[in-house]
Novice: 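Provided herewith is a single structure, encoded as C-alpha cells, for subsequent inquiry.
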Amino acid sequence: MAAPAAKQEGYFDCRDAWAQTLESLAQQDPRIVAVVNDSVGSSKLGGFQKKFPERLINVGIAEQNMVGVGAGLANGGRIPFVSAASCFLTGRALEQVKADIAYANFNVKLVGQSSGVAYGELGPTHHSIEDFAWLRPLNNIAVVVPADAWETAEAVKWAAGHEGPVFIRLSRMPVPNLDVPDRQFQPGKAELVRQGRDVTLIACGTMVHLAAKAALSLEAEGIAARVLNMATINPLDDAAVAAAAGETGAIVTIEEANIRGGLGGAVAEYTAANLPVPVERMGFPGFVPTGSVEWLFEHFGLTAPGIARVARKAVGRKRA
Amino acid sequence: MLMLKNNIADTIREKALWMRRRAFTMVFDAQLGHPGGDFSAIDIVATLYFGVMRYDPTKPDLAERDRFIMSKGHATGALYTALCAAGYYPEDWLTTYMQPNSRLNGHPNRNYLPGVETNTGPLGHGMPVALGIAIAGQITSSDYRTFVLTGDGELQEGSNWEAAMTAGHRRLGNLTLIVDRNRLQQGMGTEETNGLDPLDEKFRAFGWDVEIVDGHDIQALLDVLAAAPGGRSRPLCIIANTVKGKGVSFMENKASWHHGVPNAEQFETAMKELV
C-alpha cells in the first residue's frame with residue numbers, strides 16, 4: 001500500500017488554500033466574517049483570528065447556534081463563512097441549515113471541514129458521508145466539492161462574491177493539483193479532466209485525481225475513459241451527464257460519500273429518467289468500519305486500480 | 001410629557017385591538033391558525049411596532065433599522081397584522097392568509113413578506129439568528145436594536161440555551177429577548193410538561209439582566225422596552241406574564257386554543273368582546 005498521502009511531494013491540504021484565500025478576501029472586504037464552533041484550529045483559521053479578532057466569532061461547541069448566528073450575521077449585512085467539521089455542521093445543525101439558511105435564503109457560506117472519512121479511525125460519528133444526501137434536496141444551496149488546492153481557492157473566491165447560500169465541502173486529505181490546462185472555475189459546470197468515448201468517470205473532491213490515474217491505466221488496455229470533475233453536486237451539470245451518457249454509453253461515479261443520495265444518486269436519477277445507461281456508483285454503502293483513511297479507501301476500492309476495475313465492469317455492461 | 005406617554009399607550013391599545021380583531025378574522029376565514037398564542041403576544045408586538053422600534057416600512061432593508069424576530073413563528077396572526085398596521089403592505093394581503101400561493105404562509109417567510117427578518121416555524125430558531133444580528137451590530141458599531149420574542153414552551157428547545165450562553169458571554173447589550181410567558185404549550189401547562197421555573201434565575205445565571213412584567217400592561221411594556229438597550233452591557237430578558245387567548249373570555253387560559261379555530265357563533269361572540 002502507498003505511503004500516507006500526507007507525506008507525498010506535490011500533495012496539498014486544501015484547508016491551507018481555504019484559509020489563505022479567506023484571509024486575503026477578508027483583507028479586501030470588511031463584510032467577511034468567520035463563524036466557528038471551537039474549530040479555529042481544525043479550520044486553520046488561526047491566522048484569520050490574529051488578523052481580524054473581531055471578525056472571528058467562536059460560539060463554542062454549539063452547532064445549531066452557530067448556523068443560526070450565521071443567518072443573523074447575513075441579516076446584519078455581513079458575509080459569514082461558517083466553518084466546522086462537516087459531520088457536525090450538516091448533521092447536528094441540519095434543521096438550521098434547512099430553515100435558517102436555505103429556506104430563508106440568506107447569503108451564508110457553510111464550509112464543511114474534514115469531510116468524508118477524513119476522521120477515519122474516529123468512526124462513523126465523525127465521518128461526513130451523508131452530507132450530500134442531506135443537502136441536495138435544499139435546492140438553492142450550491143454544493144461545491146473542490147478537487148484540489150487550486151479549485152478550493154477559486155471556489156472560496158466565487159462563494160464570497162456569489163449572493164446566496166453555498167456549502168463548500170473540504171477534506172484534510174492531501175491531494176495533488178489536477179493537470180488540466182487553462183483551468184477556469186465554473187460553478188455548476190463539470191470540468192473535463194480527460195476526454196474519452198468508452199466510459200465516463202464522474203468524480204468529485206478527493207476522488208478526482210484517482211479517477212484521472214485510473215483513466216491512464218485504462219488507456220493502456222485500449223479503453224478511452226472520459227474523466228469529469230463534478231465539483232458542483234448541486235445543481236448538477238445535467239448537460240455534462242447527458243453528454244456522458246449519450247457519447248460514452250456508461251458511467252462510473254466516484255465520491256468519498258455514501259453512494260445513496262450523493263453524486264452517484266444524482267447521476268443515476270438523471271440518467272434513469274432521461275437517458276438510461278449503465279451507472280456504477282463507487283463510494284460507501286453505509287456506516288463504514290474503523291480504519292485509517294488509506295485503509296478505508298483501499299477496502300472500498302477507492303483507488304486507481306479499484307476505479308479501473310469498476311470501469312471495466314461498466315464497459316462490459318454496455319456491451320452485454 | 002405624561003400626556004404624551006398616555007397618548008402613545010392609547011394608540012398602542014387601539015392597534016392591539018385592531019390586530020386581535022383582524023387576526024381572529026383571518027383565522028376564522030382560513031379555519032386555520034394559532035389564535036391562542038397570537039392573543040398572548042399581540043400586546044407585546046404592538047408595543048414594539050407602535051411605541052418602541054425605529055423602522056421605515058418603505059425601506060425594509062435599511063441597515064440601521066431595529067429588528068424584530070418572531071421566534072414563535074406560528075403566531076402569524078400577531079406578526080402579519082402588526083406588519084400590515086405598520087405599513088409594510090396593504091390590508092387586502094391579509095385576506096389571503098394560508099390560501100394557495102399566498103405570501104402569508106402559516107409561518108413567516110422573509111422572501112415573501114417585507115418586514116419579516118427571518119423564516120421561523122420550527123421552534124428555537126429565532127434566538128440564534130437574533131444573536132447573529134446583534135453581533136453584526138456590535139462589529140459594525142451600529143446602534144440598531146434587536147428584539148426577539150419566544151414562546152415559553154419554546155424554551156424547551158436546547159438551541160435557545162446555546163444562544164443564551166453566547167449572548168451572556170459576549171455581553172450583547174443590544175439584544176432584548178421577550179418571553180411570552182403564558183404558561184401553556186400545545187397540549188398542557190409548561191410546568192406540567194417540562195418545567196421552566198425559575199426562568200428568571202436561569203437567565204441571570206446565563207449572564208442576562210431580567211425584568212418581569214405584565215405582558216398585557218401596555219404602559220409597563222413601554223417602560224421596560226423603551227429603556228431596553230440604553231447602554232447596557234448585558235442582554236436583557238423580559239419575562240412577560242401573559243394569558244393565552246387574552247381578550248376573549250372562552251379562549252383565555254385554554255390550551256385547546258393553541259391551534260383551535262372558531263365556528264361562526266364563537267367568532268361572533270369574540271367580536272362582541274373585542275371592542
Side-chain angles (χ1 to χ4, degrees), chain A residues 26 29-38 52-82 84 88-89 92-110 138-140 163-165, chain B residues 60-69 71 73 105 107-113 116-146 148 157-170 172 174-175 206:
Chain A
D29 190 338
R31 294 174 300 168
I32 290 178
V33 296
V35 189
V36 295
N37 62 338
D38 195 26
F52 315 104
E54 298 296 313
R55 288 154 67 185
L56 188 287
I57 296 130
N58 188 348
V59 299
I61 307 161
E63 290 75 25
Q64 301 180 69
N65 189 32
M66 172 181 68
V67 173
V69 162
L73 285 160
N75 175 300
R78 306 299 91 196
I79 302 175
F81 280 77
V82 179
F88 308 130
L89 173 63
R92 186 61 166 261
L94 184 55
E95 190 182 80
Q96 278 73 16
V97 172
K98 170 190 164 185
D100 304 349
I101 308 298
Y103 179 52
N105 197 30
F106 272 118
N107 188 26
V108 174
K109 319 304 162 186
L110 304 169
L138 307 177
N139 53 292
N140 63 332
E163 179 76 29
Chain B
D61 295 327
L62 206 64
E64 289 302 309
R65 72 191 184 278
D66 288 340
R67 271 86 161 166
F68 171 69
I69 291 177
S71 189
N105 264 3
H107 297 93
N109 183 330
R110 75 181 196 100
N111 302 298
Y112 298 162
L113 268 194
V116 174
E117 295 291 350
T118 190
N119 298 14
T120 50
L123 299 174
H125 284 241
M127 277 265 278
V129 177
L131 216 67
I133 297 174
I135 293 169
Q138 206 178 43
I139 294 172
T140 55
S141 306
S142 304
D143 67 351
Y144 64 74
R145 298 168 292 176
T146 305
V148 53
E157 291 281 7
S159 50
N160 292 299
W161 299 99
E162 293 183 3
M165 190 183 281
T166 307
H169 174 78
R170 299 185 73 93
L172 289 174
N174 56 353
L175 176 69
F206 277 69

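Computed from heavy atoms alone, side chains included, the values below leave out hydrogens, waters and symmetry copies. Throughout, protein chains are lettered first and strands after them, A, B, ... in sequence-line order, and every chain is numbered starting at 1. Please read all numbers here as calculations on a predicted model, not as lab measurements.
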Novice: Counting heavy-atom pairs under 4.5 Å with chain B, which one of D100(A), V33(A), V59(A) comes out on top?
Specialist: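 Highest number of heavy-atom pairs under 4.5 Å: D100(A).
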
Novice: Check for a donor-acceptor pair, side chain of N119(B) on one end and backbone N or O of A99(A) on the other, with a separation under 3.5 Å.
Specialist: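 No.
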
Novice: Below 4.5 Å, heavy-atom pairs only: which of T146(B), L131(B), D61(B), N160(B) has the largest tally toward chain A?
Specialist: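 Between T146(B), L131(B), D61(B), N160(B), the count favours L131(B).
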
Novice: Going by the rule side-chain contact (heavy atoms from CB on, under 4.5 Å), which residues pair with A93(A) if we only count those two or more places apart in sequence or in a different chain?
Specialist: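 A93(A): side-chain contact (heavy atoms from CB on, under 4.5 Å) contacts with E63(A), V67(A), Q96(A).
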
Novice: Can you say whether E95(A) sits under 4.5 Å from chain B via the side chain, the backbone, both, or neither, judging by heavy atoms?
Specialist: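 E95(A) touches chain B through backbone and side-chain heavy atoms alike.
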
Novice: Among E117(B), M165(B), R110(B), who wins on heavy-atom pairs under 4.5 Å with chain A?
Specialist: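 Most heavy-atom pairs within the cutoff with chain A belong to R110(B).
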
Novice: Say whether, by atom type as modelled, one donor and one acceptor occur between the side chain of R170(B) and the main chain of Q138(B) under 3.5 angstrom.
Specialist: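 Answer holds: no.
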
Novice: Chain A: which of R67(B), M127(B), H169(B) shares the most heavy-atom pairs with it under 4.5 Å?
Specialist: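 Greatest number of close heavy-atom pairs with chain A: R67(B).
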
Novice: Could you tell me whether the side chain of N37(A) and the main chain of G60(A) form a donor-acceptor pair under 3.5 Å?
Specialist: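 Absent.
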
Novice: Please check this pair: side chain of R55(A) against backbone of I32(A), looking for a donor-acceptor N/O pair closer than 3.5 Å.
Specialist: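 Side chain of R55(A) to backbone of I32(A): a pair is present.
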
Novice: Identify which of A104(A), G76(A), A71(A) forms the greatest number of heavy-atom pairs closer than 4.5 Å to chain B.
Specialist: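 Going by pairs under 4.5 Å, I would pick A104(A).
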
Novice: Which bit of S142(B) comes within less than 4.5 Å of chain A, counting heavy atoms only: side chain, backbone, both or neither?
Specialist: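 It is neither, since no heavy atom gets under 4.5 Å.
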
Novice: Can you sort out the partners of N140(A) under side-chain hydrogen bond (donor to acceptor under 3.5 Å, both in side chains), two or more places apart, ordered by chain and number?
Specialist: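 Only N105(A) meet the side-chain hydrogen bond (donor to acceptor under 3.5 Å, both in side chains) criterion with N140(A).
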
Novice: Taking side chain as everything from C-beta outward and backbone as N, CA, C, O, which of these in A63(B) sits under 4.5 Å from a heavy atom of chain A? Side chain, backbone, both or neither.
Specialist: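 Interface part for A63(B): neither.
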
